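Contents: one structure, followed by commentary.
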Amino acid sequence: MVGAFLPAGPQREDARTTYGAHQARRDTWQRVLTAGGASPTAAAPGYRLPFQVKDAATAAQLAAYLETQLTAAYADLAATTALRERAAAALRESALRAAHWGADLPALPGLAEAV
């Protein structure tokens with residue numbers, strides 16, 4: 001969805017590179033989980049978007065949103081598993097990509113802010 005609304009050029013190439021990185025990370029996690037005896041759940045065939053994407057600006061906002069959501073998932077994984085180092089590396093990559101797409105990240109991406 002992100003790449004479909006970005007103009008040809010560097011932004012679209014960033015989106016393609018990011019998508020490839022996500023596919024590689026997904027495949028790695030599936031291998032790790034399968035090797036550990038788990039049966040990973042297949043990805044859903046479709047998802048409801050958190051907001052309408054209608055142009056390059058909202059496509060970049062979606063990319064930032066998705067990466068920010070991933071930081072939370074990877075932070076939880078890093079806090080609770082023996083795969084801490086791998087999850088922390090994934091968290092770092094997602095935080096960097098979120099910032100690249102314009103996300104306003106907290107000092108500790110992925111962690112709930114204290115209230």
Side-chain angles (χ1 to χ4, degrees):
M1 180 57 86
V2 171
F5 285 91
L6 294 175
Q11 268 195 320
R12 186 178 291 169
E13 288 306 312
D14 283 350
R16 283 190 181 130
T17 300
T18 297
Y19 183 61
H22 282 291
Q23 289 177 314
R25 176 81 59 199
R26 176 205 61 207
D27 294 347
T28 298
W29 282 114
Q30 286 178 335
R31 285 191 298 276
V32 167
L33 293 170
T34 300
S39 298
T41 303
Y47 301 90
R48 181 178 303 275
L49 295 178
F51 50 84
Q52 183 180 5
V53 177
K54 57 186 184 281
D55 54 24
T58 54
Q61 288 173 348
L62 178 61
Y65 172 84
L66 294 172
E67 294 293 353
T68 301
Q69 296 302 302
L70 279 171
T71 64
Y74 286 132
D76 288 347
L77 188 60
T80 61
T81 71
L83 301 170
R84 183 167 286 124
E85 188 173 325
R86 191 177 297 229
L91 167 60
R92 178 185 176 276
E93 290 171 15
S94 288
L96 289 172
R97 284 193 297 262
H100 170 78
W101 289 107
D104 184 22
L105 296 171
L108 299 171
L111 301 180
E113 294 195 39
V115 278

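If you're wondering where the values come from, they're calculated on a predicted model, not measured in any experiment. Sequence positions, counted from 1, serve as the residue numbers for this chain.
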Approximate separation, where rounding is to 0.5 Å, of [X] [atom1] and [Y] [atom2]:
X: L66; Y: M1; atom1: CG; atom2: CE; result: 10.5 Å
X: D76; Y: T71; atom1: CG; atom2: OG1; result: 9.5 Å
X: T18; Y: E13; atom1: OG1; atom2: CD; result: 10.5 Å

If you look at every heavy atom in [X] and [Y], which pair is closest and at what distance?
X: T34; Y: P40; value: OG1-CD, 3.7 Å
X: A75; Y: G110; value: CB-O, 3.5 Å
X: A88; Y: A78; value: N-CB, 4.1 Å
X: G3; Y: A15; value: CA-CB, 4.2 Å

Crowded around Q23 CD? As in, over 12 foreign heavy atoms under 6.0 Å?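 Check passes, neighbour count above 12.
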
Taking atom CZ of R25 as the centre, report whether more than 12 heavy atoms of other residues, nucleotides or ligands fall under 6.0 Å from it. yes

Side-chain heavy atoms under 4.5 angstrom apart, residues restricted to Ile, Leu, Val, Met, Phe, Trp, Tyr: same cluster for [X] and [Y]?
X: F51; Y: L49; result: yes
X: Y65; Y: L6; result: yes
X: L108; Y: L77; result: no
X: L111; Y: L83; result: no

Any side-chain donor near an acceptor of the partner, R31 and T28, under 3.5 Å: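 Note: R31 and T28 side chains meet the donor-acceptor criterion.
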
[X] side chain near [Y] side chain, heavy-atom distance below 4.5 Å:
X: W101; Y: T68; answer: no
X: P50; Y: L62; answer: yes
X: R86; Y: W29; answer: yes

Could you list all the salt bridge (Lys or Arg N to Asp or Glu O under 4.0 Å) pairs where at least one residue sits in residues 94-104, not counting sequence neighbours?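 The answer is E67-R97.
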
Can you list the steps and then say if T58 with D55 is a side chain to side chain donor-acceptor pair (under 3.5 Å)? CA-CA 6 Å; T58 54; D55 54 24; 2.9 Å; yes

Should V2 and V53 be marked as a side chain to side chain contact (heavy atoms under 4.5 Å, CB included) after you check the CA-CA gap, both sets of side-chain angles, and the distance that decides it? CA-CA 8 Å; V2 171; V53 177; over 6 Å; no

Test L70 against H22 for side chain to side chain contact (heavy atoms under 4.5 Å, CB included), laying out the working first. CA-CA 10 Å; L70 279 171; H22 282 291; 3.0 Å; yes

For R12, what residues pass the salt bridge (charged side-chain N to carboxylate O under 4.0 Å, His left out) criterion, not counting sequence neighbours? none

Only counting residues at least two apart or in another chain, list the ones meeting side-chain hydrogen bond (donor to acceptor under 3.5 Å, both in side chains) with R84. none

